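Following: one structure in structure tokens, then a few remarks.
Naming convention: chains lettered A, B, ... in sequence-line order (proteins, then strands); numbering from 1 in each chain. Because the structure is a prediction, the values reported are computed rather than measured. The figures here come from the full heavy-atom set of this structure, side chains too, leaving out hydrogens, waters and symmetry mates.
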There are 2 protein chains.
Amino acid sequence: MNLRDLRYLLAAAEHGHFGRAAEACGISQPTLSVQIRKLEEELGIALFERSGRSMAPTEACLRLLGHVRAAVAEADAILAVARDMRDPLAGRFRLGIIPTLAPYLLPLVFAPLREALPALEIEPWEDQTAGLLARLRARELDAALLATEPDGADLLGRPLFDEPFLAALPPEHRLASRRIVAEEELAEDLLVLADGHCLRDQALAVCGHGGGAGGALRAASLSTLLNMVAAGYGTTLIPGLAAGAAQDAGLVLRPLATRAGRRVRIVWRARFPRQAAVEAIGEVIAGRLRGFAEGAAAGTI
Amino acid sequence: MNLRDLRYLLAAAEHGHFGRAAEACGISQPTLSVQIRKLEEELGIALFERSGRSMAPTEACLRLLGHVRAAVAEADAILAVARDMRDPLAGRFRLGIIPTLAPYLLPLVFAPLREALPALEIEPWEDQTAGLLARLRARELDAALLATEPDGADLLGRPLFDEPFLAALPPEHRLASRRIVAEEELAEDLLVLADGHCLRDQALAVCGHGGGAGGALRAASLSTLLNMVAAGYGTTLIPGLAAGAAQDAGLVLRPLATRAGRRVRIVWRARFPRQAAVEAIGEVIAGRLRGFAEGAAAGTI
DNA sequence: ATTAGGGATAGACATCGTCTATCGCCACAT
DNA sequence: ATGTGGCGATAGACGATGTCTATCCCTAAT
């Protein structure tokens with residue numbers, strides 16, 4: 001049985017006339033007659049009662065028509081829904097974001113994304129890098145915003161912006177009077193995040209593996225970390241986008257001597273079909289953050 | 001788009017594996033892959049994300065699946081309903097019956113019909129011969145029980161039984177003492193039905209066009225006619241199956257001298273597809289009425 | 001009786017679905 | 001590093017089938 005045949009059947013039943021039904025279907029009368037005949041043979045029932053001059057649907061045909069209409073309607077729905085979804089810049093898009101980025105980046109880019117890609121329903125998903133990569137590979141995410149390079153050939157990444165690290169100090173800290181802070185000095189009482197945060201590894205890498213006092217104090221979130229620094233437990237290193245939050249917490253921010261930072265990327269599966277959506281999202285975020293690195297570094301003085 | 005392709009799509013989405021999906025569909029893996037690919041091109045969207053080692057339905061595919069399942073389910077419903085209706089001895093059957101037959105025949109044949117053809121839902125439709133023929137030709141009836149021969153080559157008829165006419169007399173009537181009544185005598189004060197009843201024409205034909213007293217009294221129904229005879233307004237001629245009702249009304253019944261009667265037929269369109277149902281109904285009625293003519297004639301003495 | 005309309009039939013042609021065989025890719029194991 | 005196996009894609013051949021035009025047959029109406 002074929003959807004085409006069902007359309008022929010509908011036309012024949014509605015027109016009550018094979019010739020006109022065929023015309024409505026854009027085929028010749030013999031074609032429609034033959035297909036209807038085949039359908040009757042396949043179903044094992046007579047669908048039309050033919051007499052020399054006229055034709056009428058049988059009782060059985062009338063009983064089938066409801067299902068036939070429903071099947072054809074569902075087929076049309078498939079075509080319509082597919083047409084709506086043909087635009088890769090539409091529909092749900094699950095975007096992973098690391099926790100040290102999400103709270104500070106999302107407020108900046110949400111409105112521009114909605115404006116530039118109104119049909120795209122972006123669902124943010126916050127998790128650490130390893131979790132995001134796993135979900136990305138499991139196709140539970142469509143893309144992810146990471147601060148590390150993709151770790152395999154099955155994933156692709158596009159840099160969006162560079163985010164400088166800043167030294168975050170309690171106002172009374174001895175380094176707070178410097179205009180620029182050297183990483184080695186910051187390392188003396190550096191507090192870091194808990195395991196799994198890429199920022200933890202990056203902070204330790206930038207400052208050398210000091211982490212004296214803070215060794216035991218592994219904050220679960222950047223927000224916690226900031227409060228701990230504000231309370232005088234030590235210093236830390238924050239990503240530039242968190243500058244506002246750090247200042248709100250009463251911290252003093254200083255550029256680093258080496259201008260170290262991290263490169264934020266959007267990462268996706270190489271085979272992902274909606275690369276256009278990835279491109280568009282990346283473009284909006286990169287555009288919003290363009291020139292951010294310099295501004296952030298300058299604005300902290 | 002094709003129902004077959006939709007079944008392939010369903011299998012692929014549910015198995016998450018082209019090879020196993022193809023096996024489930026009873027086709028080879030390349031065939032399924034090619035059809036899925038074509039479907040993707042027709043819909044203009046990617047349905048599956050392929051990677052060297054695995055495959056997964058896209059977001060768009062998942063959104064379509066509901067409609068796909070619905071369409072396939074409707075198609076299956078069409079097949080199932082058709083299978084149920086493949087039996088011509090099942091389903092609704094609209095059977096026309098003339099008014100001088102219906103009230104007396106139906107009680108006799110209803111139970112045998114239900115027993116012999118349990119799946120056939122017989123819908124009786126009572127009307128005069130002309131109305132039944134019109135509805136039959138308009139395909140609003142599937143067959144009709146008539147007491148006349150079909151009036152055209154587009155209709156076929158099969159005789160079911162012969163129904164003798166009986167003279168129906170008030171007990172005090174002068175003819176009531178006879179064992180057999182001659183039609184000419186009956187004609188003297190014969191009451192007949194209203195125009196349109198075939199029995200009216202037949203009674204007049206049998207008795208000659210007398211109809212003296214009854215000329216103005218054209219009863220709309222046989223039941224009315226019986227009551228009028230019982231009230232002494234005249235005599236009448238009734239079909240054998242109405243004997244019981246006539247006796248209940250207190251009438252005396254006598255066979256006619258010429259053993260005149262009418263032949264009851266089942267009539268249907270020559271092109272009607274469910275001839276088997278007509279045959280079966282006719283057989284049940286004929287079987288139930290077999291030997292009725294003799295019995296009725298004998299039983300009235 | 002003739003004519004026109006409507007459906008059925010026949011035969012040719014092209015499309016398309018399906019198969020087998022093979023390739024290419026990727027992951028995993030030795 | 002290298003082989004191996006699983007899985008999907010591709011190629012080419014073959015057969016089924018949907019479609020067309022031309023024609024026939026039947027019926028009803030003039």
Side-chain angles (χ1 to χ4, degrees), chain A residues 1-9 11-13 15-42 46-58 61 133-134 137-139 150-156 269-273, chain B residues 1-9 11-13 15-42 46-58 61 137-139 150-156 269-273:
Chain A
M1 193 171 52
N2 197 313
L3 275 170
R4 177 176 19 84
D5 298 339
L6 296 186
R7 291 184 198 275
Y8 294 169
L9 170 58
H15 284 87
H17 188 289
F18 286 114
R20 281 192 287 277
E23 189 181 6
C25 293
I27 58 173
S28 70
Q29 169 263 319
T31 299
L32 184 132
S33 289
V34 166
Q35 292 310 113
I36 295 277
R37 171 79 59 194
K38 284 191 179 181
L39 191 56
E40 285 179 316
E41 280 165 16
E42 180 181 355
L47 294 171
F48 295 94
E49 182 182 332
R50 294 129 170 112
S51 66
R53 201 130 185 91
S54 69
M55 161 274 261
T58 61
C61 176
L133 288 173
R137 290 199 160 91
R139 301 191 181 85
D151 63 347
D154 57 333
L155 298 181
L156 298 179
R269 294 184 300 281
R271 311 262 186 166
F272 182 57
Chain B
M1 193 172 49
N2 197 313
L3 275 170
R4 175 174 21 82
D5 298 340
L6 296 186
R7 291 183 198 276
Y8 294 168
L9 170 58
H15 284 87
H17 189 288
F18 286 114
R20 280 192 287 275
E23 189 181 5
C25 294
I27 58 173
S28 70
Q29 169 263 318
T31 299
L32 184 133
S33 289
V34 167
Q35 293 310 112
I36 295 278
R37 170 79 59 195
K38 284 190 179 179
L39 190 56
E40 286 179 315
E41 280 164 16
E42 180 182 355
L47 294 171
F48 295 94
E49 182 182 333
R50 294 126 169 115
S51 67
R53 198 128 186 92
S54 68
M55 160 274 260
T58 61
C61 176
R137 291 199 159 92
R139 301 191 180 86
D151 62 346
D154 58 333
L155 298 181
L156 297 180
R269 293 185 299 282
R271 312 261 186 167
F272 183 57

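Considering only side-chain atoms of A:Val34, the nucleotide from C:dT9, D:dT10, C:dA8 that sits closest is C:dT9. Listed nucleotides: D:dG8, C:dA8, D:dC7. Nearest to the side chain of A:Phe18: C:dA8. When distances run from any side-chain atom of B:Arg4 to the nucleotides C:dA8, C:dG6, C:dT18, the shortest one goes to C:dT18.
Considering only side-chain N and O atoms, B:His17 lies nowhere under 4.0 angstrom from the phosphate OP1 or OP2 of D:dG6. Contact between the side-chain N/O atoms of A:Arg50 and the OP1/OP2 oxygens of C:dA8 is found at a separation under 4.0 Å. Distances shown here put a side-chain N or O of B:Gln35 below 4.0 Å from the OP1 or OP2 atom of C:dG17. Residue B:Ser28 places at least one side-chain N or O under 4.0 Å from the OP1 or OP2 atom of C:dC19. Considering only side-chain N and O atoms, A:Thr31 lies nowhere under 4.0 angstrom from the phosphate OP1 or OP2 of D:dG18.
Regarding A:Arg37, its CZ atom lies at a distance of 18 Å from the P atom of D:dT17, rounded to whole Å. If you measure from atom CD1 of A:Ile27 to atom C1' of C:dG7, you get 14 Å, rounded to the nearest angstrom. Distance A:Tyr8 OH to D:dT17 P: 16 Å, rounded to the nearest Å. Atom CG in A:Asn2 sits about 13 Å away from atom P in C:dC16, given to the nearest Å. The CG-C1' distance, from A:Leu47 to C:dA8, rounds to 17 Å in whole Å. We find that CD of A:Glu40 is positioned 13 Å from C1' of C:dG7, with the value rounded to whole Å. For the pair A:Leu32 CG and D:dC20 P, the interatomic distance rounds to 10 Å; values are reported in whole Å. Rounding to whole angstrom units, CD of residue B:Gln29 and P of D:dA9 are separated by 7 Å.
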Checklist entry - How far apart are the C-alpha atoms of A:Tyr8 and A:Ile27, what are their side-chain angles, what is the distance that settles it, and do they pass the side chain to side chain contact (heavy atoms under 4.5 Å, CB included) test? => result CA-CA 10 Å; A:Tyr8 294 169; A:Ile27 58 173; 3.4 Å; yes

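Contact check for A:Leu155 versus A:Arg137: side-chain heavy atoms found under the 4.5 Å cut-off. A heavy-atom distance below 4.5 Å is found between the side chains of B:Arg37 and B:Arg50. For the pair B:Ile36/B:Leu9, a side-chain contact is recorded, criterion being any heavy-atom separation below 4.5 Å from C-beta on.
Across all strands shown, A:Phe48 has no heavy atoms under 4.0 Å from either base or sugar-phosphate atoms. B:Ser33 comes within 4.0 angstrom of sugar-phosphate atoms only, judged by non-hydrogen atoms across all strands, and of no base.
Formation of a donor-acceptor pair under 3.5 Å by the B:Glu40 side chain with backbone atoms of B:Leu47 is found in this model.
Place A:Asp154 and B:Lys38 on DNA chain C by their nearest nucleotides, and B:Lys38 ends up nearer the 5' end.
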